[in-house]
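Everything on this sheet refers to the single structure shown next.
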Number of protein chains: 2
Amino acid sequence: MRLVIADCTVDYTGRLSAHLPRANRLLMLKGDGSILVHSDSGSYKPLNWMNPPCTISTIEVGEAAAELGVVEAWQVEQGKTGDKLLISIYEIFSDVNHDLGEEPGLLKDGVEANLQQLLAEQVHRVHPEAILVRREYFTAIGPVDILLSVPGAGHIAVELKRRGEIDGVEQLTRYLELLNRDPLLAPVRGVYAAQEIKPQARTLAEDRGIECLVLDYDELKGSSPEGNTLF
Amino acid sequence: MRLVIADCTVDYTGRLSAHLPRANRLLMLKGDGSILVHSDSGSYKPLNWMNPPCTISTIEVGEAAAELGVVEAWQVEQGKTGDKLLISIYEIFSDVNHDLGEEPGLLKDGVEANLQQLLAEQVHRVHPEAILVRREYFTAIGPVDILLSVPGAGHIAVELKRRGEIDGVEQLTRYLELLNRDPLLAPVRGVYAAQEIKPQARTLAEDRGIECLVLDYDELKGSSPEGNTLF
DNA sequence: ATCTTAATTTCGGCA
DNA sequence: TGCCGAAGTTAAGAT
């Protein structure tokens, strides 16, 4: 990884056009060919960047540019999309290179897939008599997260989110419309389950007869036969 | 901006839990207190990070950790959410500080607002006899991107996206329902215009009698009286 | 301040 | 590979 601290301007042309006026910035050149332009604030997302695969070439500085003080110009071109990044450098304050070696990668825990698995193991939290039909129950308009059967009382479609917002209610509504046309399933009720349900989403859900269920991840995990097995 | 190249492990606890095994990485500490952990590959998104406001404190290295070779431990805590990041450092290869000064910020062109302006100037692309009523036509449930009138044939509501996905169709459907109740406007047809329309969105749209229109940004821009006026 | 929507979204999973 | 949906989404604009 090459780290360059430089006074520069940057111009991007691709899906949109963008320009960065002259200022001191960090230019991060990664081993895979990608480049990131970072300022000293504004988190996480660079001001400009180019994804691999891309080629970085030093191009000749034109007379006009040289007169303005440009000492070096880099052209970065994306192989696939043809997006371009032009970096005009006025001064380099630092230029170092480090070999970082292999990245073993990030291990995650706690996302929706996990919630889904845990809730599928503990369907009684949705309804005391519920029986799991299956996770990812496939329909023509997409998979229902969890489909449950309640003996003598039809079925329950569960839509699962980490954070329950309004679009999840829309999604579940579409599923319910479809599922209730199936005489083998009807009547199908809806349950919107999430670690947190936004007031607007709750209002819309209840307005449509959809029950809201707030999940406590730690509680679900604590009741799981597998328990906490990470790391 | 402080740039540290170090052999480290990182543990995140917050909305989820995540762990980074031991490896060499770049730790970027920005002026606003935020921190980014980058590897030598993988684009633009750091492996781990913490957004401002957050506090970084050096904590004491426990005996067990010291025995494993940890020479320094940083705890980063988010002020608002309470998220935590623990960085255990085994070796520091480089540690430099640079003052970058003010960031003037990025100038953009080519996003949805621009598309809307261009299409509003070229309504014939929607319908040969269409006349612009107005952009951002306000309704009780939100603004319709573009409302057009077709002499003797009612109106057209245009929903505009850069990339046409299913939620845009839902949105337009809601608008159409509402607008068609207005006898001064009815009949109102819907047009879903985007630079790219996903198959699922197209299917749903056409199923609801909504016409899909794929826009070529460069073509729209080329036909504009203003042309390319950026920079 | 809160909420809605876009993003050069990125990222992962699955057909 | 392409499509689809989630993300510690983030970030910008509107209410």
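In what follows, chains are A, B, ... by sequence order, proteins preceding strands, each numbered from 1. Computed from heavy atoms alone, side chains included, the values below leave out hydrogens, waters and symmetry copies.
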Handout entry: Nucleotide D:dA11, atom P - distance to CD of B:Glu103 in whole Å
Key = 14 Å

Problem - A:Arg135/A:Asp145 ion pair, N-O < 4.0 Å - result: no

Completion exercise
Between CG of B:Asp32 and C1' of D:dT10 the distance, given in whole Å, is 14 Å

Handout entry: Below 4.0 Å: OP1/OP2 of C:dT8 and any side-chain N or O of A:Asn51
Key = no

Problem - Distance in angstrom units between B:Gln171 CD and C:dA6 P, rounded - result: 6 Å

Exercise for the section: Scan residues 203-214 of chain B against DNA chain C and write down, sorted by residue number, each residue with any heavy atom closer than 4.0 Å; if none is found, say none. Expected result: none

Handout entry: Minimum heavy-atom distance between B:Ala130 and B:Leu148, given as atom pair plus value
Key = CB-CD1, 3.9 Å

Handout entry: Flag for B:Arg162-B:Gln195: side-chain donor and acceptor within less than 3.5 Å
Key = no

Problem - Residue whose closest nucleotide on DNA chain D lies nearer the 5' end, B:Phe138 versus B:Arg163 - result: B:Arg163

Handout entry: Contact list for DNA chain C against residues 40-49 of chain A - heavy-atom distance below 4.0 Å
Key = A:Lys45, A:Asn48, A:Trp49

Fill in the blank from the handout: Between B:Pro143 and B:Gln78, the residue closer to the 5' end of DNA chain D by nearest nucleotide is B:Gln78

Exercise for the section: Would you mind classifying the nucleic acid contact of A:Met50 as base, sugar-phosphate or nothing, using non-hydrogen atoms under 4.0 angstrom? Expected result: nothing

Problem - Given DNA chain C, 5'-ward residue of the pair B:Lys80 and B:Glu165, judged by closest heavy atom - result: B:Lys80

Completion exercise
Hits for side chain to side chain donor-acceptor pair (under 3.5 Å) against A:Lys30, two or more places apart or cross-chain, chain-then-number order -> B:His38

